[in-house]
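Taking it in order: structure first as C-alpha cells, then the write-up.
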Amino acid sequence: MGEFREHLNLEVNPVSSDRFEILAITAGVANGWEFPAEVLRESLALWEGVNCFVDHSLSARSVRDIAGVLRETRWDEAACGVRAELTAFGPSAKVLAEIGRQVLEVSDEPAVRVGFSADVLFKGKAGKVEKILKIYSVDLVYNPARGGIFLRALNQLGIEPLQIGGKRMEANQNNDFSGLQAETPPAQPASTTRELQEQLSEMRAMRSEMSAYLLESSLTNTRLPIGMQQRIRSQFQGRTFAPAELKAALREAHTMLGEYDGAKSVQGPARIEGMVEPAERLQAAVDDMFGAPRDKQMVSASVPRLSGIRELYLNTTGDYDLHGGYFPERAQLATTGDFTGLVKNSLNKLVTNTWEELGKAGYDWWKDVTVQEHFNSLHEITGTLVGTVGDLPSIAEGGAYPELAVGDSPETASFVKYGGYIPLTLELIDRDETRKLRSYARELASAGLRKISRLVAEIFTINAGTGPFLADGSSLFNTTAVTASGGHANLDTLALNHTNWDVVSSKVYMQPMLIKDVSEFYGTGPRMAVNPKFILVGRSQQKAAMEICTGSLVREPDYVYDNVLKGSAVPLVVPEWTDANDWAAACDPRVAPAIFVGERFGLAPEIFIAGDELSPAVFSNDEHRLKVRHYLAVWVNDFRPLFKCNVA
C-alpha cells in the first residue's frame, strides 16, 4: 500500500455572490481509483477549514492566492459524498466571486471552462482508496476536464448552465504529477490563448507586487537592526515568494539577534495600552475649556470642544430652565461625574498649573530657605533641635563611661486653616462667564502662594524686625551674646555691601552649635562652620545683592578690584519686604535647616465640592459652591542659620 496525490474536480453550486455550495467528494471511481463511502465518511473532518487557492501549485502556496475557505462540511446521504460551503475570503476573494459570475451561461453557448479541483493525499492499494490522509486545498482552475464548473449564481437565478458530466465526482485529467496520463485539452482559438496569456501575465505581476509589499511591510514592523533588514531584503527582493519562506527568514534573524543580545528582547509592534472612557473624554473637554492641563493618558485624545460653562451645565444637569437641580431625562452628557465635580477637577489642575507658573516668576523664593514637610494629622507640631556632642571625654583604663551632655531645644507650632468658598451662580452660568471662573482658580493659586510667602517673610519683619519669640523666651534676632540665656548674636545694623556681607558670613560661620540648653553649656558647642548661601533683600536692593553675588569687579570711590566673593551666595528677592535697606542671610536648609513649612493636604490650596446639583444652596441661593481650604504651619526651629541686618 502506497501514498498517492490526485486532483479531483468538484460539483459547485453558488448560493450568493461570495458563497458556493461544493460537493467535495463522492463515492465512486475517479482517476482510476475507487473511493468507498466509508472512507469518505472518515475524512469529513479533514475538509473543514480547507483553503481555496487560485490555480494549482506543487510548491509552497502564497497567501496572496487565497480566495476562500470551506465551512459547514457535512455528509450528503443522497449524493453519497461530502458537501461543504465555500466562502470567499482572502486577497483573491474578488477573483473567485468575479469569475463565478462571468463563467455562467448567458446564452446557448457553453461557459468558459473554469471550475474547482481538490488536491487530495490518500493511501490506496490495487486501485482502491483505503484512507484519505490530507486535503491540501480546493483550487480554482482553468479548463477542468469534466464537471466542476459553476452551476448557478444568486444574481442570475433561473439560468441553467450547460452541464458536462454527471453529478458525481469526476477525474481531473489535468494533474501535473509525473507518471499520470493527462487528457489533451481541445484546441483553443488564438484570441482566447492570447487573452489567457495576458491574464496570466497580469496575475504574475500582481503576485510580484504583493510579494514586494509583504517584504517591506514585514521589515517595517520588525525591530531588527538595519544590517539584518538589508540582508533579508537582498535575499527576497525582485522575486515572488511564499509568506512562510519570509516568516522563516525573519524568525531565524530574531533568534540570531536574541542569542547575540543575551537578556535583551526583540520588541514587536506596539500594543494598545488602554481605551478612553466617555467620562475621561468629558473631563478632557472641560480641562480644555478652562485651559487646564489634561491627564497624562488623555494628552493625545481627540475630544469635542465645549463652547463654555453654560453648555457644560445644561448638558450635564438638564436644567434648561435654570431652576437649579438635576433632570436626568434631559441630561445629554450622562456620566458618573456631576457638573460641580467636573468643574472642581479642572479648577484644581488650573490651581496647580498657576502655582508652578507663579513659582517660576519668583513667588516661591521661600522654598530655597525653608524645609517643606508633610504631616498626617493636625496635632500641634513640636520641632525639636537635638544638640550635638561637644567633645568625647577621655576614659582611664578600667574607668566608667560618663554620660554625654546631649540636650534639645523644642519649638512648637500649630496648623492654621485658611479658606472660603467660590459661588458658582446660575447667573454666571447663564452669562457663560467661563473666563471669570478661570480667573477664580488663578487667583486662588496666587493667594495660596502669596500666603506662604507672606508667612515666611514675616519671620524677618514682625516685632520691629526682630522676629517671633522662640522657646528660650527671646526674639529670633537679637544682639545678646550666645553665652547668655536667650542670646542669639544674629542681629546687626550693617548696610549691604561686599565688606559687610563677608562680616555677616563670618558671624554665621562662627555660631556655636547646641549641646544642651542649660547655663553651663551656653555657647560652648563647636562652630557650626557653615557659610550662609542666600542673601534676602527687598526689590530696592536687588541690584546690590546681584553685584555681590555675580559681579566680577568691586567698584569703590577711589579704585576697582576683583570681586573675590563672586558666587559665594544667591540673591533672593522677598516680595513682601518694603524697607529699602534691611536685608538678611540664610544657610542652605539642606545643611542647616532653620525655617519649616508644614502642610497637611498639600502646599497648594484645595478646591472641594460643597454639595451637588440638589444641594440646598442651589435651591436657596441659585449657586453651586466650590469650597477652598488651605492648612499651613510655619515656624523657626533654629536661630543659628539666620542673620538679620536692620539698617538704620
Exercise. Please check if any side-chain donor atom of Ser92 sits under 3.5 Å from a side-chain acceptor atom of Asp65, or the reverse.
Key: no
Quiz prompt | Spacing of SG belonging to Cys80 relative to CZ belonging to Arg41, to within rounding of 0.5 Å | solution = 7.5 Å
Quiz item: Under the 3.5 angstrom rule, does the side chain of Ser218 hit a backbone N or O of Leu215 as a donor-acceptor pair?
Solution: no
Quiz item: Can you tell me if Trp355 and Glu357 form a side-chain donor-acceptor pair at under 3.5 Å?
Solution: no
Practice problem: Determine which pairs satisfy salt bridge (Lys or Arg N to Asp or Glu O under 4.0 Å) with at least one residue from residues 226-236, sequence neighbours left out, and list them in order. | Solution: Glu216-Arg233
Self-check item: Leu70 backbone acceptor or donor facing Glu85 side chain under 3.5 Å
Solution: no
Quiz prompt | Main-chain N/O of Gln297 paired with Asp295 side-chain donor or acceptor, under 3.5 Å | solution = no
Quiz item: Is any side-chain heavy atom of Arg64 closer than 4.5 Å to a side-chain heavy atom of Val54?
Solution: no
Exercise. List the steps and the verdict of side-chain contact (heavy atoms from CB on, under 4.5 Å) for Leu312 and Val343.
Key: CA-CA 9 Å; Leu312 175 66; Val343 173; 4.1 Å; yes
Quiz item: With a cut-off of 6.0 Å (strictly less than), are more than 12 heavy atoms of other residues, nucleotides or ligands near CZ of Phe89?
Solution: no
Exercise. Show the numbers, then the answer: is there a side-chain contact (heavy atoms from CB on, under 4.5 Å) between Phe241 and Leu214?
Key: CA-CA 10 Å; Phe241 53 85; Leu214 177 62; 4.0 Å; yes
Exercise. Grab the two heavy atoms, one from Gly81 and one from Trp75, that are nearest each other, plus how far apart they are.
Key: O-CE3, 3.4 Å
Quiz item: Hey, does the side chain of Glu311 reach the backbone of Ser307 with a donor-acceptor pair shorter than 3.5 angstrom?
Solution: yes
Quiz item: To the nearest 0.5 Å, what is the distance between CE (Met289) and CZ (Arg438)?
Solution: 8.0 Å
Quiz item: Can you name the nearest heavy-atom pair linking Leu44 to Thr73, along with the distance?
Solution: O-OG1, 3.7 Å
Practice problem: Name all residues meeting the side chain to side chain contact (heavy atoms under 4.5 Å, CB included) criterion together with Thr354; count only those two or more places apart in sequence or in a different chain, and write none if there are none. | Solution: Leu350, Leu358, Arg442, Ala445
Practice problem: Output yes when Glu21 and Arg83 qualify as a salt bridge under the 4.0 Å nitrogen-oxygen rule, no when they do not. | Solution: yes
Quiz item: Roughly how far, to the nearest 0.5 Å, is the NZ atom of Lys247 from the CD atom of Glu245?
Solution: 14.0 Å
Exercise. Please check if the side chain of Asp119 supplies one atom and the backbone of Tyr136 the other of a donor-acceptor pair under 3.5 Å.
Key: no
Self-check item: Closest non-hydrogen atom pair, Ser211 against Arg239
Solution: CB-O, 3.9 Å
Practice problem: Look only at the side chain of Arg294 and the backbone of Ala292, and say whether a donor-acceptor pair between them is shorter than 3.5 Å. | Solution: no
Quiz item: Given Ser346 and Asp287, is the side-chain hydrogen bond (donor to acceptor under 3.5 Å, both in side chains) satisfied, shown in steps?
Solution: CA-CA 5 Å; Ser346 292; Asp287 292 341; 2.5 Å; yes
Quiz item: Looking at side-chain heavy atoms only, is the closest gap between Asp288 and Val303 below 4.5 Å?
Solution: yes
Practice problem: Output, in order, the C-alpha distance, side-chain angles, deciding distance and verdict of side-chain contact (heavy atoms from CB on, under 4.5 Å) for Thr26 and Asp76. | Solution: CA-CA 9 Å; Thr26 57; Asp76 189 329; over 6 Å; no
Self-check item: Pairwise distance OG1(Thr352) to CD(Glu606) - rounded to 0.5 angstrom
Solution: 10.0 Å
Self-check item: Heavy-atom closest contact (Pro605 atom, Val351 atom, distance)
Solution: O-CG1, 3.9 Å
Quiz item: Which heavy atom in Lys134 sits nearest to a heavy atom in Leu46, and how many Å separate them?
Solution: N-CD1, 4.3 Å
Quiz item: Can you name the nearest heavy-atom pair linking Gly308 to Thr434, along with the distance?
Solution: CA-OG1, 3.4 Å
Quiz item: How would you list all residue pairs meeting salt bridge (Lys or Arg N to Asp or Glu O under 4.0 Å) that involve residues 296-309, not counting sequence neighbours?
Solution: none
Quiz item: So, do Pro91 and Ile66 sit near enough that their side-chain heavy atoms are less than 4.5 Å apart?
Solution: yes
Practice problem: Mind checking the CD1-CZ spacing from Ile132 to Phe35? Nearest 0.5 Å is all I need. | Solution: 6.0 Å
Quiz prompt | Residues in side chain to side chain contact (heavy atoms under 4.5 Å, CB included) contact with Asn345, at least two apart in sequence or another chain | solution = Gln283
Quiz item: With Glu34, which residues qualify under side chain to side chain contact (heavy atoms under 4.5 Å, CB included), at least two apart?
Solution: Val29, Lys128
Quiz item: How far apart are the C-alpha atoms of Leu219 and Leu250, what are their side-chain angles, what is the distance that settles it, and do they pass the side-chain contact (heavy atoms from CB on, under 4.5 Å) test?
Solution: CA-CA 9 Å; Leu219 291 178; Leu250 291 174; 4.0 Å; yes
Quiz item: What is the distance from atom CG of Asn51 to atom CG of Leu86, rounded to the nearest 0.5 Å?
Solution: 10.0 Å
Quiz prompt | Phe290: ring-ring contact (aromatic ring centres under 6.0 Å, His included) partners, not counting sequence neighbours | solution = none
